Amino acid sequence: MSGVTHIVADMVTAVTSIQVYIFGGNSMTQSQITRSRVMRRIGVAVAATIAITTMASTGSQAASKPNASKYGGEVKVGIFDTFPGFCVGNNPANSSLMATRTVYESLFEKTRGGDYIGLLAKGGVPSADMKTWTIELKSGITFHNGEAFDAAAVVANIQAGAGHTYAGYYVAGATAAAKAGGNAAAQATAGATAAGAKAYLLGTAVPYDANIVNVAAGDTTHVIFTLDRAQNDFPGTLYASGRAFMRAPAQLLDSKTCAGTPIGTGPFKIVSWNTDQMIVEKNASYWRTDPVSGAKLPYLDKITFNNVKEGSQRAAAVRKGSVDAAMFSGASEGTFIKDLRNRKSVVTEFKSPYEYYPSLWLNQGKPGSPFKNIHARNAVLSCMDRVNYVKARTKGEAQVATSLVGKSNPMYTTRGFQKYDPTFAKAEVALYKQETGATSLTFTGPSDVSSTSISNSKFMQTMWAACDITYNFIVEEGAVIIAKAFNASPKVAEGQYYNAYDAISILLFEGTDVTFNLPFLVTNAFPATSKSPVAAFFRTSLGTILGLNHHSDTTVDTAFYAGEAAASKAGAETQYQNGTAILQGQAIMGSMLNFYYDFFAGKTLGGIGTLQIEKGKSQRLVTNWGIDWTGVYKK
Amino acid sequence: MSETSQLSTTDVIDTPVKVRRKRKRPLGFYFAATWIALIIFLAVFGWILPAPSWDTSFYDSLGVHPFHHSHILGTTLDGYDMFAGLVNGARLSVFVSLVSVTIGGAIGTFIGVTSAYFRGKIDMIVTMAFNVMLSIPNLVLSLALLSVLAYSDENHPATMSRRVGVLMLSLTIVIIPILGRIARGATLQWSSREFVLASKSMGTKNFTIIRKHILPNVAPAILAIGFLAIGSVIIVEGSLAILGIGVPGGASWGSMLANGRGNIAYSPWEVYLPAGAIALTVISCNWFGDYVRTSLDKRESKI
Amino acid sequence: MDIARLLVKRLVLMSTVVVIATFLLSLLMWMLPGDPAQLLVPNGTEIIQKVIRHETGLDRGIFGYYWHWLSHMLTGDFGKYYLNGGYREVTEVLKRCLPPSLFLILYAQIVALTLAIPLGLISAYKEGSRFDRIASTVLFTSVSVPGFALALILSLIFAVQLGWVDPIGYESPFGDPWAHFKLMILPVTSLAVGLTSSYTRLLRTDVIATLKEDYVTMAASKGISNRRVLWKHVFRPSSTTLLTSAALNMGGLIGGTIIVETIFVIPGIGYEIAYSIGSRQVVAMQTLIALVSFAYVFFNTTVDLLTNITDPRTRERRV
């Protein structure tokens, strides 16, 4: 019940929020479209629920004490991901991203209405052809180490992330190693000397930022981005689902400091961290204040984030108060969520919308993978028992997928989406065997070490076995899976490939726009026409790693790039939906469910989701990276 | 002993429970024998029983309580029948532990007896080898062995049968030095006895002496420790499953426990039942072993 | 003179065992299919993998690798955990993960000894009595209950259902001693139950034997109080075996905490070993297991030496 309230609360805020950020140079259009769409959906329910929502929010405000007593306090939070490090190559997953985001901030944020709003930036303006974007920065912000946050710092960050800075080291290392001849030791020494420790610094940001051809400082508060293709949603790239952090230039100097010591502009500073824990303390000279009350931020003195892999233990911990809050995934932790939801006197639920769309990526590129053959893909995708999966594995908490993404996403279309049909699947298996001469349809995928993940895999194994499909899953730590799925330098001769798995079920799609999804869909981050200065270096390595399908259907690229270049929202949607229809019709990938992230807080916490970025503009309440901790206080 | 499931030889040898000698066959013996018989029966003839398939999920009865009309021991939160799981798990757990202890015991006994009988350099090397293997706690050793030998990746997915095979191999390797050391110690004791020395002086072949005089006397001690080892192996198998390295998918008791432990607060029978099955089996093996050893003590005191 | 020779002999033996054991571990790592550098940083670029192969000695054959690893270990360089985009020193991780494990073992030993001494003494003193029979049966049974089953069931009852203690986690005793002890109760109990049984039975047997010695009978006949006889003339000589066994257990427990640490999420050395295996950090895994094995051998040798030095008779007894 409270979950429903929260969704409605989100929608109401969406309606009232005012859009600033330009979509295709026509802010009014988008604002109106969003407004009417949301209005239509909630219809008359609004009037009834506004009362509830208002009561809930004023209730918590009324209970809050005067500002002075909000300060201080230590908080413990239960999360479910490990900390991989803090450099551009390290991608913290969902709940560990929440912890990381207490230290780092990005140029842009996303509002509850799904629009981009400046955080470290004031705003951004595109040129008429949408190939040049000028981003204006807020001034007077410093990093935790005292370095100024200015245009030069942004340029350093983007160049490091996009590989512009370190491509040279990468190439020099490889060349030196090659020149050193057959002796492995000599190769390594030569390569290492030439690369320095800096070749470590490359990561998935390289393909993600592939559209950036040049970045330069106009003056200290203006950064000018030159793009390869026209892009109407560029602030989304600079948000990158909350991952496009601005790191202190000093941190980017070498691999040891870069992965080990995060220095950002955020409300909290790092105290210590290890794989399963991150402790942060208050940044006394934080730049933001509460736009409504003017109060200095943040309120809390210290936050400890602990990785508690097992959902049952995390649930018990938040119920007993041994952690003040904990995050859960609606995709697999329905049992615990339902139980906690019934304990309203102990915990409060904060729920994200159903905006997360995990997909089944069928790898066509890997040698030995059956998925080059369309019958193999059809067989696997038409044997996905979504209804029972949602029932058994999510306890009904997730929604059955009807497209690769959910209805609130502009990519959404049911065209070509494979339905559950075991008979058809079996026929396709037979066709696959007949065409390829294979004796069985067998493929391999990963599962992480948690018992829920293993149970998910077991479900799918049984499900596919019923259609004569053999699925082998390998249990590995989450970090290893990510590393092997996005492998930039496989040894193909030894049977390795960019994406090591025949198939992988992973959450990459999300949200109410396409910005974050697009780089994972196209055949190569650096198309043949790319004018990026690093395209030649990375086209065959980092350029290929985001598209886990490794398909070669460039009509998909064409559709999605056209959507990103479209001048109107409606024009973009048509193109995006055409792209999705190809992905679905060609059985390039599939989807089981849409789900939400959930956050349960003990009664001692206040201020969750109430802090506004600017007056009248609220950040999303809960996302895949949980909540924002800046405005949270201990009652 | 205890937590580490480290089977330490001193512990077993130094602590005879003399109380039990007073009665001929203690109650525990009957209990242990019954339970072991039941488990073996289930392991061999379990498939005859009218239980649903252990590997099928019942989507309409997720997490039903034990004593449900269609699922006698309930189902897991994922809808797997507990009774079917336990019966199937008995097969794997019993099979794995019996095979690894039998093979490991045979190899260990052979090495231990030979080295102790012939002494000299062979004995030195064997002792050293045993010490090396025993220097790594047995759970850690099997963990390392399993993670290397049953290494599984996307290009070499380890199949279920390979995993089980490697699990048995690892456990066998762990058992060899434990039983080998016992065999060696016992042989040392017996080979200095008068009748052995007499046989030697009469020119009897070494092989014959070992077969006729040493082995029959060493065997009971090995058998007694062997039962304890079976218990130990079942515990190690369970521990490996909990660490995510053993047999996956609820195919063994340990694996059921590992799968169910996340649901402990919601369907505790998922933990109680396999844990109880493991505990009862280990206790029975220990009681049985203890009985064998007590009888052995008695016999020896008569000599 | 004799002691010095013994010392040298034992030390040589100990080092040989450790060297062979660690070499076999290296060999085991070497047998992993595929390239270990690829396992360490699966998406590292070729050049990074070359650097790592060089840095760890993996490019020098099995003996070269082992020598590289061993010589670095001896100089205190325990190798690295490789992350995408950097690394962490194993020594750093050790500094963090050793204290929780040591506290856990220490508490378990203290609890087990505190319970085992009175239990063992009384049941030996009243050998064959109802108390003795019940205690023997209970202890014999409880030693057979797998530690993980006990841990899970304790956690279910006391943490999840009754909510008396937190189900998981670890606090440093220096920061918040109360939280530290509360969190330690369940893990320590699950470790201590088995230990207590094992120690009680050990002490009981020993005390029964001592009680039959002539000097005890004599002391008792002199009219010295039972309690005094039991404590002074019986417990003291019997305690050697108990303490030896307790010391021997130290090494085994370091590796044995692995399950308890995993279930109660205590960031100790066992937890790290499990993590290093799951994340395929083969170098760190080798180092951690080698340290556990070293600790085990070290405690064995030390105890052996000490008993040899203090009580020369044992030398003959042990043959």
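Below, read A as the first sequence line, B as the second, and so on, with proteins coming before strands; counting in each chain starts at 1. Fair warning: this is a prediction, and the values are worked out from it, not measured in the lab.
- Residue contact with chain B, scored on non-hydrogen atoms closer than 4.5 Å, involves the backbone and the side chain of A/T335 alike.
- Residue contact with chain B, scored on non-hydrogen atoms closer than 4.5 Å, involves the side chain of A/T444 exclusively.
- Using a 4.5 Å cut-off between heavy atoms, A/Q313 touches chain B through its side chain atoms alone.
- Annotation for A/K338: atom NZ counts as buried by contact number, over 12 foreign heavy atoms lying within 6.0 Å.
- Residues passing the side-chain contact (heavy atoms from CB on, under 4.5 Å) test with A/N456, sequence neighbours excluded: A/S332, A/Y389, A/R393.
- With a threshold of 4.5 angstrom between heavy atoms, A/R319 approaches chain B through side-chain atoms but not through N, CA, C or O.
- For a heavy-atom cut-off of 4.5 Å, chain A lies close to B/L77, B/D78, B/Y80 in residues 71-83 of chain B.
- Counting non-hydrogen atoms of neighbouring residues, nucleotides and ligands closer than 6.0 angstrom, the OH atom of A/Y420 exceeds 12 such neighbours.
- Of all the listed residues (A/S455, A/G368, A/P446, A/S312), the one sharing the greatest number of non-hydrogen pairs under 4.5 Å with chain B is A/S312.
- Contact annotation for A/F336: both backbone and side-chain heavy atoms come within less than 4.5 Å of a heavy atom of chain B.
- With a 4.5 angstrom heavy-atom cutoff, A/A315 touches chain B only via side-chain atoms.
- Heavy atoms from other residues, nucleotides or ligands lying under 6.0 Å from NE2 of B/H68 number more than 12.
- Other residues, nucleotides and ligands place no more than 12 heavy atoms under 6.0 Å from the CZ atom of B/R91.
- Of the atoms belonging to A/D448, not a single heavy atom falls under 4.5 Å from chain B.
- Contact annotation for A/K395: only side-chain heavy atoms (C-beta onward) come within less than 4.5 Å of a heavy atom of chain B.
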